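We're numbering straight along the sequence, starting at 1. Keep in mind that what you see is a predicted model, and the values were worked out from it rather than measured.
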Amino acid sequence: MPTILLYLAFAMMSILFILVLFILFGWRSITKLVVKKAGKIILTDSYQENIMELIPGLRHMGIQNMLENSLRSTTGTVLHRPLGSSSKKWPHLDPITFIPAQTSPVLVDGNVKVDTGVTIGPKARKPMKIKIPLMISGMGYGVGLSEQARLSLAKAAKNVGTAINSGEGGILPEELSVAGHYILQFSKTEWAKEEDVIKRANMIEIKLGQGALMGMGKKIPPQDLPGRARELMGLKENEDAVIGELFFENQTLQDMKDLVKELRKLSGGVPIGVKIGMGGKIEEDIDHLIEMDVDFIAIDGGQAAMKEAPPILCDDFGIPTLHGLVRAVRHLENRMMKGKISLIVSGGLLVPGHFLKVLALGADAVYVGSSLLFSVSHTQSLNALPFEPPTQAVWYNGKFKDQFNIEAGEQAAEKFLTASMEEINVALRTMGKRSLKELSKKDLVSYDELTATLVGIPYCFEIWEDKQIYE
(Lines give C-alpha, C1' and ligand atoms only; values in the text may rest on other atoms or scores of the structure.)
Protein backbone atom coordinates (compact mmCIF):
# COMPACT_ATOMS: atom_id res chain seq x y z
CA MET A 1 0.00 0.00 0.00
CA PRO A 2 1.42 3.45 -0.89
CA THR A 3 2.93 5.39 2.01
CA ILE A 4 0.34 8.16 1.97
CA LEU A 5 -2.48 5.62 2.18
CA LEU A 6 -0.83 4.02 5.21
CA TYR A 7 -0.70 7.44 6.87
CA LEU A 8 -4.38 7.97 6.12
CA ALA A 9 -5.36 4.53 7.42
CA PHE A 10 -3.35 5.11 10.59
CA ALA A 11 -4.97 8.51 11.09
CA MET A 12 -8.49 7.11 10.69
CA MET A 13 -7.83 4.29 13.15
CA SER A 14 -6.39 6.77 15.63
CA ILE A 15 -9.45 8.99 15.36
CA LEU A 16 -11.79 6.05 15.95
CA PHE A 17 -9.75 4.93 18.95
CA ILE A 18 -9.85 8.43 20.46
CA LEU A 19 -13.62 8.63 19.96
CA VAL A 20 -14.07 5.36 21.84
CA LEU A 21 -11.93 6.70 24.71
CA PHE A 22 -13.99 9.91 24.76
CA ILE A 23 -17.16 7.92 25.18
CA LEU A 24 -15.75 5.68 27.90
CA PHE A 25 -13.78 8.14 30.03
CA GLY A 26 -14.96 11.68 29.24
CA TRP A 27 -13.49 14.18 26.85
CA ARG A 28 -11.46 16.45 29.19
CA SER A 29 -9.32 13.78 30.80
CA ILE A 30 -8.86 11.87 27.56
CA THR A 31 -7.96 15.01 25.62
CA LYS A 32 -5.31 15.89 28.19
CA LEU A 33 -3.92 12.36 28.12
CA VAL A 34 -3.82 12.18 24.33
CA VAL A 35 -2.22 15.60 23.97
CA LYS A 36 0.39 14.78 26.59
CA LYS A 37 1.27 11.39 25.11
CA ALA A 38 1.20 12.50 21.48
CA GLY A 39 3.04 15.71 22.27
CA LYS A 40 5.83 13.84 24.02
CA ILE A 41 6.25 11.51 21.04
CA ILE A 42 6.26 14.36 18.52
CA LEU A 43 8.62 16.52 20.58
CA THR A 44 11.15 13.81 21.47
CA ASP A 45 11.22 11.21 18.63
CA SER A 46 14.11 11.57 16.20
CA TYR A 47 13.16 13.26 12.95
CA GLN A 48 13.65 10.05 10.99
CA GLU A 49 11.04 8.29 13.18
CA ASN A 50 8.79 11.30 13.76
CA ILE A 51 5.35 11.46 12.13
CA MET A 52 6.01 15.17 11.62
CA GLU A 53 8.51 14.19 8.93
CA LEU A 54 5.42 14.20 6.73
CA ILE A 55 5.29 18.01 6.87
CA PRO A 56 8.60 18.75 5.09
CA GLY A 57 8.00 15.71 2.90
CA LEU A 58 4.68 17.04 1.63
CA ARG A 59 6.06 20.55 1.28
CA HIS A 60 8.89 19.19 -0.84
CA MET A 61 6.82 16.83 -2.96
CA GLY A 62 3.34 18.29 -2.75
CA ILE A 63 0.31 16.18 -1.86
CA GLN A 64 -0.73 15.71 -5.47
CA ASN A 65 2.74 14.69 -6.65
CA MET A 66 3.05 12.22 -3.78
CA LEU A 67 -0.36 10.75 -4.54
CA GLU A 68 0.28 10.46 -8.29
CA ASN A 69 3.72 8.89 -7.78
CA SER A 70 2.11 6.39 -5.41
CA LEU A 71 -0.45 5.55 -8.10
CA ARG A 72 2.37 5.13 -10.65
CA SER A 73 4.06 2.75 -8.23
CA THR A 74 0.81 0.79 -7.97
CA THR A 75 -0.19 0.52 -11.64
CA GLY A 76 3.04 0.70 -13.64
CA THR A 77 1.07 2.33 -16.47
CA VAL A 78 0.26 5.80 -17.76
CA LEU A 79 -1.92 7.74 -15.33
CA HIS A 80 -5.14 9.27 -16.59
CA ARG A 81 -5.81 12.28 -14.39
CA PRO A 82 -9.31 13.80 -14.42
CA LEU A 83 -10.01 17.52 -14.88
CA GLY A 84 -6.73 18.81 -16.25
CA SER A 85 -3.64 20.47 -14.85
CA SER A 86 -3.64 21.41 -11.20
CA SER A 87 -0.04 20.89 -10.10
CA LYS A 88 1.22 24.18 -11.52
CA LYS A 89 0.03 27.78 -11.52
CA TRP A 90 -0.37 29.13 -15.03
CA PRO A 91 -0.36 32.89 -15.72
CA HIS A 92 -4.02 33.79 -15.93
CA LEU A 93 -6.61 36.55 -15.98
CA ASP A 94 -6.76 37.50 -12.32
CA PRO A 95 -4.32 40.48 -12.47
CA ILE A 96 -6.55 42.08 -15.13
CA THR A 97 -9.49 44.29 -14.06
CA PHE A 98 -12.18 46.31 -15.81
CA ILE A 99 -12.40 50.11 -15.84
CA PRO A 100 -15.71 51.31 -14.33
CA ALA A 101 -17.67 54.25 -15.70
CA GLN A 102 -17.70 56.96 -13.03
CA THR A 103 -17.70 60.48 -14.48
CA SER A 104 -17.51 59.77 -18.22
CA PRO A 105 -18.94 57.69 -19.74
CA VAL A 106 -21.92 57.25 -17.45
CA LEU A 107 -23.39 54.08 -16.04
CA VAL A 108 -26.20 52.31 -17.90
CA ASP A 109 -29.47 51.98 -16.01
CA GLY A 110 -30.17 48.51 -14.65
CA ASN A 111 -33.49 48.37 -16.52
CA VAL A 112 -31.78 48.73 -19.91
CA LYS A 113 -31.45 45.45 -21.82
CA VAL A 114 -27.88 44.70 -22.85
CA ASP A 115 -27.29 43.11 -26.27
CA THR A 116 -25.17 39.98 -25.77
CA GLY A 117 -25.93 38.22 -29.05
CA VAL A 118 -23.10 36.60 -30.99
CA THR A 119 -22.67 35.43 -34.58
CA ILE A 120 -20.21 32.60 -35.23
CA GLY A 121 -18.83 32.23 -38.74
CA PRO A 122 -20.06 35.51 -40.26
CA LYS A 123 -18.73 34.65 -43.73
CA ALA A 124 -20.44 31.24 -43.80
CA ARG A 125 -23.57 30.81 -45.88
CA LYS A 126 -25.47 29.88 -42.70
CA PRO A 127 -23.80 31.66 -39.75
CA MET A 128 -24.75 30.45 -36.28
CA LYS A 129 -26.46 33.14 -34.21
CA ILE A 130 -26.79 32.63 -30.46
CA LYS A 131 -28.21 34.85 -27.72
CA ILE A 132 -25.24 34.66 -25.36
CA PRO A 133 -21.45 34.27 -25.87
CA LEU A 134 -21.19 31.24 -23.56
CA MET A 135 -21.38 27.84 -25.26
CA ILE A 136 -21.24 24.35 -23.75
CA SER A 137 -17.97 22.69 -24.67
CA GLY A 138 -17.49 19.17 -25.96
CA MET A 139 -18.04 16.64 -23.19
CA GLY A 140 -18.97 13.55 -25.17
CA TYR A 141 -21.57 10.90 -24.46
CA GLY A 142 -20.03 7.58 -23.47
CA VAL A 143 -16.42 8.74 -23.58
CA GLY A 144 -17.29 11.24 -20.85
CA LEU A 145 -20.81 12.05 -19.72
CA SER A 146 -23.88 9.95 -19.09
CA GLU A 147 -27.05 10.16 -21.15
CA GLN A 148 -28.81 11.96 -18.31
CA ALA A 149 -26.13 14.65 -18.00
CA ARG A 150 -25.98 15.21 -21.76
CA LEU A 151 -29.75 15.65 -22.01
CA SER A 152 -29.75 18.08 -19.09
CA LEU A 153 -27.06 20.21 -20.74
CA ALA A 154 -28.72 20.11 -24.17
CA LYS A 155 -32.03 21.29 -22.74
CA ALA A 156 -30.36 24.02 -20.69
CA ALA A 157 -28.50 25.28 -23.76
CA LYS A 158 -31.74 25.55 -25.72
CA ASN A 159 -33.49 27.32 -22.86
CA VAL A 160 -30.91 30.12 -22.73
CA GLY A 161 -30.44 30.36 -26.48
CA THR A 162 -26.90 29.04 -26.80
CA ALA A 163 -25.20 26.04 -28.42
CA ILE A 164 -23.93 22.70 -27.14
CA ASN A 165 -20.94 20.82 -28.56
CA SER A 166 -21.37 17.06 -29.08
CA GLY A 167 -17.85 16.17 -27.98
CA GLU A 168 -16.19 13.11 -29.50
CA GLY A 169 -18.61 10.50 -28.15
CA GLY A 170 -21.69 8.91 -29.63
CA ILE A 171 -24.62 11.01 -30.80
CA LEU A 172 -27.82 10.60 -28.78
CA PRO A 173 -30.93 10.84 -30.98
CA GLU A 174 -32.87 12.24 -27.99
CA GLU A 175 -30.24 14.94 -27.58
CA LEU A 176 -30.56 16.02 -31.21
CA SER A 177 -34.32 16.33 -30.76
CA VAL A 178 -34.17 18.52 -27.63
CA ALA A 179 -31.11 20.62 -28.43
CA GLY A 180 -31.34 24.02 -30.02
CA HIS A 181 -28.09 25.07 -31.71
CA TYR A 182 -25.97 21.95 -32.11
CA ILE A 183 -22.22 21.84 -32.73
CA LEU A 184 -20.99 18.57 -34.17
CA GLN A 185 -17.44 17.81 -33.11
CA PHE A 186 -15.97 15.97 -36.09
CA SER A 187 -13.29 13.84 -34.43
CA LYS A 188 -10.72 11.20 -35.35
CA THR A 189 -13.24 8.41 -34.89
CA GLU A 190 -15.35 6.06 -36.97
CA TRP A 191 -18.57 7.26 -35.36
CA ALA A 192 -20.60 10.50 -35.36
CA LYS A 193 -20.09 11.02 -39.08
CA GLU A 194 -23.52 10.10 -40.43
CA GLU A 195 -24.78 12.42 -43.15
CA ASP A 196 -28.06 13.14 -41.34
CA VAL A 197 -26.12 14.26 -38.24
CA ILE A 198 -23.88 16.49 -40.36
CA LYS A 199 -26.95 18.07 -41.93
CA ARG A 200 -28.58 18.54 -38.53
CA ALA A 201 -25.57 20.47 -37.14
CA ASN A 202 -25.64 24.25 -36.87
CA MET A 203 -21.84 24.28 -36.80
CA ILE A 204 -19.10 21.67 -37.32
CA GLU A 205 -15.86 21.65 -35.37
CA ILE A 206 -13.01 19.51 -36.68
CA LYS A 207 -11.04 18.47 -33.63
CA LEU A 208 -7.30 18.48 -34.29
CA GLY A 209 -6.36 18.96 -30.64
CA GLN A 210 -7.26 20.33 -27.23
CA GLY A 211 -5.49 21.83 -24.24
CA ALA A 212 -5.44 18.83 -21.90
CA LEU A 213 -4.60 16.07 -24.37
CA MET A 214 -3.06 18.00 -27.30
CA GLY A 215 -3.76 15.91 -30.42
CA MET A 216 -3.31 12.46 -28.94
CA GLY A 217 -5.98 9.80 -29.10
CA LYS A 218 -6.79 6.81 -26.92
CA LYS A 219 -8.30 3.34 -26.85
CA ILE A 220 -11.25 2.59 -24.60
CA PRO A 221 -11.62 -1.14 -23.87
CA PRO A 222 -15.09 -2.76 -23.99
CA GLN A 223 -15.34 -3.11 -20.21
CA ASP A 224 -14.96 0.66 -19.84
CA LEU A 225 -17.61 1.42 -22.46
CA PRO A 226 -20.56 -0.94 -22.02
CA GLY A 227 -24.20 -0.42 -22.88
CA ARG A 228 -25.95 1.92 -25.26
CA ALA A 229 -23.02 4.21 -26.08
CA ARG A 230 -21.08 1.47 -27.86
CA GLU A 231 -24.18 0.58 -29.87
CA LEU A 232 -24.58 4.20 -31.04
CA MET A 233 -20.87 4.28 -31.84
CA GLY A 234 -21.24 1.14 -33.99
CA LEU A 235 -18.78 -0.94 -31.97
CA LYS A 236 -18.73 -4.72 -32.03
CA GLU A 237 -19.01 -6.77 -28.84
CA ASN A 238 -15.29 -6.98 -27.99
CA GLU A 239 -14.06 -4.02 -30.02
CA ASP A 240 -12.09 -1.15 -28.51
CA ALA A 241 -13.38 2.38 -29.07
CA VAL A 242 -10.48 4.01 -30.90
CA ILE A 243 -9.91 7.76 -31.02
CA GLY A 244 -7.00 8.22 -33.38
CA GLU A 245 -4.22 10.75 -33.71
CA LEU A 246 -4.84 11.55 -37.40
CA PHE A 247 -7.77 11.81 -39.80
CA PHE A 248 -5.84 10.46 -42.76
CA GLU A 249 -2.83 8.23 -43.34
CA ASN A 250 0.14 10.47 -44.17
CA GLN A 251 -2.11 13.44 -43.42
CA THR A 252 -1.40 16.76 -45.20
CA LEU A 253 -2.81 20.28 -45.02
CA GLN A 254 -4.42 19.66 -48.38
CA ASP A 255 -6.27 16.67 -46.92
CA MET A 256 -7.65 18.91 -44.18
CA LYS A 257 -8.55 21.66 -46.64
CA ASP A 258 -10.47 19.12 -48.70
CA LEU A 259 -12.25 17.91 -45.54
CA VAL A 260 -13.38 21.46 -44.70
CA LYS A 261 -14.69 21.87 -48.23
CA GLU A 262 -16.53 18.53 -48.14
CA LEU A 263 -18.17 19.25 -44.78
CA ARG A 264 -19.22 22.70 -45.93
CA LYS A 265 -20.93 21.13 -48.93
CA LEU A 266 -22.57 18.27 -46.97
CA SER A 267 -23.84 20.58 -44.23
CA GLY A 268 -25.35 23.10 -46.59
CA GLY A 269 -23.05 25.94 -45.61
CA VAL A 270 -22.93 26.02 -41.79
CA PRO A 271 -19.72 27.35 -40.17
CA ILE A 272 -16.86 24.85 -40.43
CA GLY A 273 -13.93 25.33 -38.08
CA VAL A 274 -11.10 23.63 -36.24
CA LYS A 275 -10.26 23.15 -32.58
CA ILE A 276 -6.60 23.13 -31.52
CA GLY A 277 -4.60 23.20 -28.31
CA MET A 278 -2.62 26.41 -27.81
CA GLY A 279 1.07 25.88 -28.46
CA GLY A 280 4.27 27.84 -28.87
CA LYS A 281 3.77 28.04 -32.64
CA ILE A 282 0.17 29.26 -32.48
CA GLU A 283 0.67 31.86 -35.24
CA GLU A 284 1.90 29.17 -37.61
CA ASP A 285 -1.04 26.94 -36.66
CA ILE A 286 -3.46 29.79 -37.35
CA ASP A 287 -1.84 30.44 -40.74
CA HIS A 288 -2.45 26.80 -41.64
CA LEU A 289 -6.08 27.04 -40.50
CA ILE A 290 -6.57 30.19 -42.59
CA GLU A 291 -5.15 28.24 -45.53
CA MET A 292 -7.75 25.54 -44.82
CA ASP A 293 -10.45 28.23 -45.30
CA VAL A 294 -12.14 27.81 -41.90
CA ASP A 295 -15.03 29.95 -40.63
CA PHE A 296 -13.96 29.79 -36.98
CA ILE A 297 -11.04 28.72 -34.82
CA ALA A 298 -11.43 27.25 -31.32
CA ILE A 299 -8.28 27.50 -29.20
CA ASP A 300 -7.88 25.59 -25.94
CA GLY A 301 -5.30 26.75 -23.40
CA GLY A 302 -2.99 24.79 -21.14
CA GLN A 303 -5.38 25.07 -18.20
CA ALA A 304 -8.01 23.04 -20.04
CA ALA A 305 -9.55 19.90 -18.56
CA MET A 306 -11.13 16.69 -19.74
CA LYS A 307 -12.35 13.44 -18.19
CA GLU A 308 -8.88 11.93 -18.17
CA ALA A 309 -5.48 12.62 -19.67
CA PRO A 310 -1.84 11.75 -18.93
CA PRO A 311 -0.49 14.29 -16.40
CA ILE A 312 2.55 14.98 -18.59
CA LEU A 313 0.26 16.28 -21.35
CA CYS A 314 -1.78 18.36 -18.91
CA ASP A 315 1.18 19.89 -17.10
CA ASP A 316 4.05 20.05 -19.57
CA PHE A 317 2.55 20.88 -22.95
CA GLY A 318 0.81 23.94 -24.32
CA ILE A 319 0.82 27.57 -23.25
CA PRO A 320 -1.42 29.57 -20.90
CA THR A 321 -4.86 30.54 -22.17
CA LEU A 322 -4.11 34.24 -21.65
CA HIS A 323 -0.91 34.13 -23.70
CA GLY A 324 -2.43 32.09 -26.51
CA LEU A 325 -5.51 34.32 -26.71
CA VAL A 326 -3.51 37.56 -26.96
CA ARG A 327 -1.21 36.10 -29.61
CA ALA A 328 -4.11 34.63 -31.61
CA VAL A 329 -6.03 37.91 -31.65
CA ARG A 330 -2.96 39.88 -32.70
CA HIS A 331 -2.17 37.43 -35.48
CA LEU A 332 -5.72 37.42 -36.83
CA GLU A 333 -5.59 41.23 -36.83
CA ASN A 334 -2.24 41.20 -38.62
CA ARG A 335 -3.65 38.82 -41.21
CA MET A 336 -6.76 41.03 -41.50
CA MET A 337 -8.93 38.08 -40.54
CA LYS A 338 -10.31 39.39 -37.24
CA GLY A 339 -14.07 39.69 -37.68
CA LYS A 340 -14.03 37.33 -40.65
CA ILE A 341 -12.93 34.20 -38.79
CA SER A 342 -14.59 33.83 -35.39
CA LEU A 343 -12.40 33.03 -32.39
CA ILE A 344 -13.67 30.74 -29.61
CA VAL A 345 -11.58 30.37 -26.46
CA SER A 346 -11.49 27.81 -23.63
CA GLY A 347 -9.18 26.50 -20.95
CA GLY A 348 -9.40 27.40 -17.27
CA LEU A 349 -12.29 29.82 -17.75
CA LEU A 350 -14.44 29.16 -14.71
CA VAL A 351 -16.38 32.26 -13.61
CA PRO A 352 -18.18 35.21 -15.27
CA GLY A 353 -15.16 37.49 -14.77
CA HIS A 354 -12.98 35.08 -16.75
CA PHE A 355 -15.56 34.85 -19.53
CA LEU A 356 -15.91 38.61 -19.91
CA LYS A 357 -12.16 39.27 -19.81
CA VAL A 358 -11.42 36.95 -22.73
CA LEU A 359 -14.26 38.57 -24.67
CA ALA A 360 -12.72 41.98 -23.97
CA LEU A 361 -9.36 40.67 -25.18
CA GLY A 362 -10.83 39.69 -28.53
CA ALA A 363 -12.59 36.34 -28.29
CA ASP A 364 -15.98 36.12 -30.00
CA ALA A 365 -17.31 33.38 -27.72
CA VAL A 366 -16.30 31.14 -24.83
CA TYR A 367 -16.57 27.38 -24.37
CA VAL A 368 -17.57 26.51 -20.79
CA GLY A 369 -16.77 23.00 -19.59
CA SER A 370 -15.64 22.27 -16.03
CA SER A 371 -17.91 24.89 -14.45
CA LEU A 372 -20.94 23.38 -16.16
CA LEU A 373 -19.84 19.87 -15.24
CA PHE A 374 -20.13 20.77 -11.56
CA SER A 375 -23.14 23.03 -12.08
CA VAL A 376 -25.25 20.42 -13.83
CA SER A 377 -24.61 17.95 -10.99
CA HIS A 378 -25.12 20.63 -8.30
CA THR A 379 -26.80 19.03 -5.26
CA GLN A 380 -27.01 15.69 -7.08
CA SER A 381 -23.27 15.34 -6.50
CA LEU A 382 -24.23 14.65 -2.88
CA ASN A 383 -25.39 11.23 -4.08
CA ALA A 384 -21.73 10.34 -4.52
CA LEU A 385 -20.20 12.11 -1.53
CA PRO A 386 -18.51 11.46 0.87
CA PHE A 387 -17.08 8.15 -0.34
CA GLU A 388 -16.88 8.87 -4.10
CA PRO A 389 -15.94 12.02 -6.05
CA PRO A 390 -18.85 14.21 -7.19
CA THR A 391 -18.23 13.45 -10.86
CA GLN A 392 -19.47 9.90 -10.23
CA ALA A 393 -22.94 11.44 -10.54
CA VAL A 394 -22.39 12.44 -14.19
CA TRP A 395 -19.77 10.21 -15.82
CA TYR A 396 -21.04 7.56 -18.24
CA ASN A 397 -19.67 4.83 -15.97
CA GLY A 398 -20.43 6.79 -12.81
CA LYS A 399 -21.68 4.73 -9.89
CA PHE A 400 -24.54 7.16 -9.30
CA LYS A 401 -25.50 8.15 -12.85
CA ASP A 402 -28.80 6.23 -12.64
CA GLN A 403 -29.85 8.41 -9.70
CA PHE A 404 -29.33 11.56 -11.77
CA ASN A 405 -32.51 13.56 -12.36
CA ILE A 406 -32.52 15.13 -15.83
CA GLU A 407 -34.94 17.94 -14.99
CA ALA A 408 -32.97 18.95 -11.89
CA GLY A 409 -29.75 18.93 -13.93
CA GLU A 410 -31.37 21.03 -16.64
CA GLN A 411 -32.54 23.63 -14.13
CA ALA A 412 -29.16 23.82 -12.39
CA ALA A 413 -27.22 24.25 -15.64
CA GLU A 414 -29.71 26.80 -16.96
CA LYS A 415 -29.55 28.82 -13.74
CA PHE A 416 -25.75 28.80 -13.84
CA LEU A 417 -25.70 30.15 -17.39
CA THR A 418 -28.42 32.69 -16.61
CA ALA A 419 -26.68 33.88 -13.45
CA SER A 420 -23.36 34.14 -15.29
CA MET A 421 -24.93 36.28 -17.99
CA GLU A 422 -26.65 38.47 -15.42
CA GLU A 423 -23.26 39.17 -13.86
CA ILE A 424 -21.82 39.92 -17.29
CA ASN A 425 -24.72 42.29 -17.98
CA VAL A 426 -24.07 44.08 -14.67
CA ALA A 427 -20.40 44.40 -15.58
CA LEU A 428 -21.19 45.84 -19.01
CA ARG A 429 -23.59 48.40 -17.52
CA THR A 430 -20.93 49.29 -14.95
CA MET A 431 -18.63 50.13 -17.85
CA GLY A 432 -21.34 52.22 -19.51
CA LYS A 433 -22.05 49.73 -22.29
CA ARG A 434 -25.33 48.66 -23.86
CA SER A 435 -23.88 45.94 -26.05
CA LEU A 436 -21.18 43.31 -25.89
CA LYS A 437 -19.93 44.67 -29.20
CA GLU A 438 -18.82 47.87 -27.41
CA LEU A 439 -16.43 45.90 -25.19
CA SER A 440 -12.73 45.95 -26.06
CA LYS A 441 -9.22 45.84 -24.67
CA LYS A 442 -9.55 49.57 -23.91
CA ASP A 443 -11.78 48.62 -20.99
CA LEU A 444 -8.97 46.79 -19.18
CA VAL A 445 -6.02 47.57 -16.93
CA SER A 446 -3.71 45.35 -14.91
CA TYR A 447 -2.17 45.65 -11.47
CA ASP A 448 0.72 43.45 -12.64
CA GLU A 449 3.21 45.40 -14.74
CA LEU A 450 4.44 42.38 -16.72
CA THR A 451 0.89 41.28 -17.54
CA ALA A 452 0.03 44.83 -18.63
CA THR A 453 3.04 44.98 -20.94
CA LEU A 454 2.50 41.56 -22.50
CA VAL A 455 -1.25 41.96 -22.98
CA GLY A 456 -0.97 45.54 -24.22
CA ILE A 457 -3.10 47.31 -21.62
CA PRO A 458 -2.23 50.08 -19.11
CA TYR A 459 -0.48 49.33 -15.84
CA CYS A 460 -2.84 50.69 -13.20
CA PHE A 461 -0.12 52.50 -11.24
CA GLU A 462 0.39 54.85 -14.17
CA ILE A 463 -1.85 57.62 -15.54
CA TRP A 464 -4.24 56.12 -18.07
CA GLU A 465 -3.76 57.26 -21.66
CA ASP A 466 -5.43 55.96 -24.78
CA LYS A 467 -2.03 55.49 -26.43
CA GLN A 468 -1.20 52.86 -23.79
CA ILE A 469 -3.53 50.42 -25.53
CA TYR A 470 -1.33 48.45 -27.87
CA GLU A 471 -3.11 47.12 -30.92
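- Identified under the ring-ring contact (aromatic ring centres under 6.0 Å, His included) test for residues 128-166, with sequence neighbours left out: Tyr141-Tyr396.
- Residue pairs meeting the ring-ring contact (aromatic ring centres under 6.0 Å, His included) criterion with at least one partner in residues 334-365, sequence neighbours excluded, are His92-His354.
- Residue pairs meeting the side-chain hydrogen bond (donor to acceptor under 3.5 Å, both in side chains) criterion with at least one partner in residues 254-282, sequence neighbours excluded, are Thr252-Asp255, Gln254-Asp258, Arg264-Asp293, Arg264-Asp295.
- Residues in residues 157-180 take part in no ring-ring contact (aromatic ring centres under 6.0 Å, His included) pair, two or more places apart or across chains.
- Scored by the side-chain contact (heavy atoms from CB on, under 4.5 Å) test, Val178 finds Leu151, Ala154, Lys155 as partners (sequence neighbours excluded).
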For this session: Carefully, step by step, assess Leu322 and Ile96 under the rule side chain to side chain contact (heavy atoms under 4.5 Å, CB included).
Result: CA-CA 10 Å; Leu322 174 61; Ile96 298 173; 4.0 Å; yes

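- Lys415 contributes atom NZ, which lies 14.0 Å from atom OG of Ser420 (distance to the nearest 0.5 angstrom).
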For this session: Kindly determine whether Lys199 and Glu195 satisfy salt bridge (charged side-chain N to carboxylate O under 4.0 Å, His left out), including the steps that lead there.
Result: CA-CA 6 Å; Lys199 290 182 175 179; Glu195 190 170 333; 3.0 Å; yes

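- Only one option out of Thr119, Val270, Ile183 pairs with Met128 in a side chain to side chain contact (heavy atoms under 4.5 Å, CB included); it is Ile183.
- Using modelled atom types, one finds no donor on one side chain facing an acceptor on the other under 3.5 Å when comparing Asn165 with Ser137.
- Salt bridge Lys188/Glu245: absent, no basic N to carboxylate O contact under 4.0 Å.
- Pairs passing the ring-ring contact (aromatic ring centres under 6.0 Å, His included) check and including a residue from residues 160-189, sequence neighbours excluded, do not occur.
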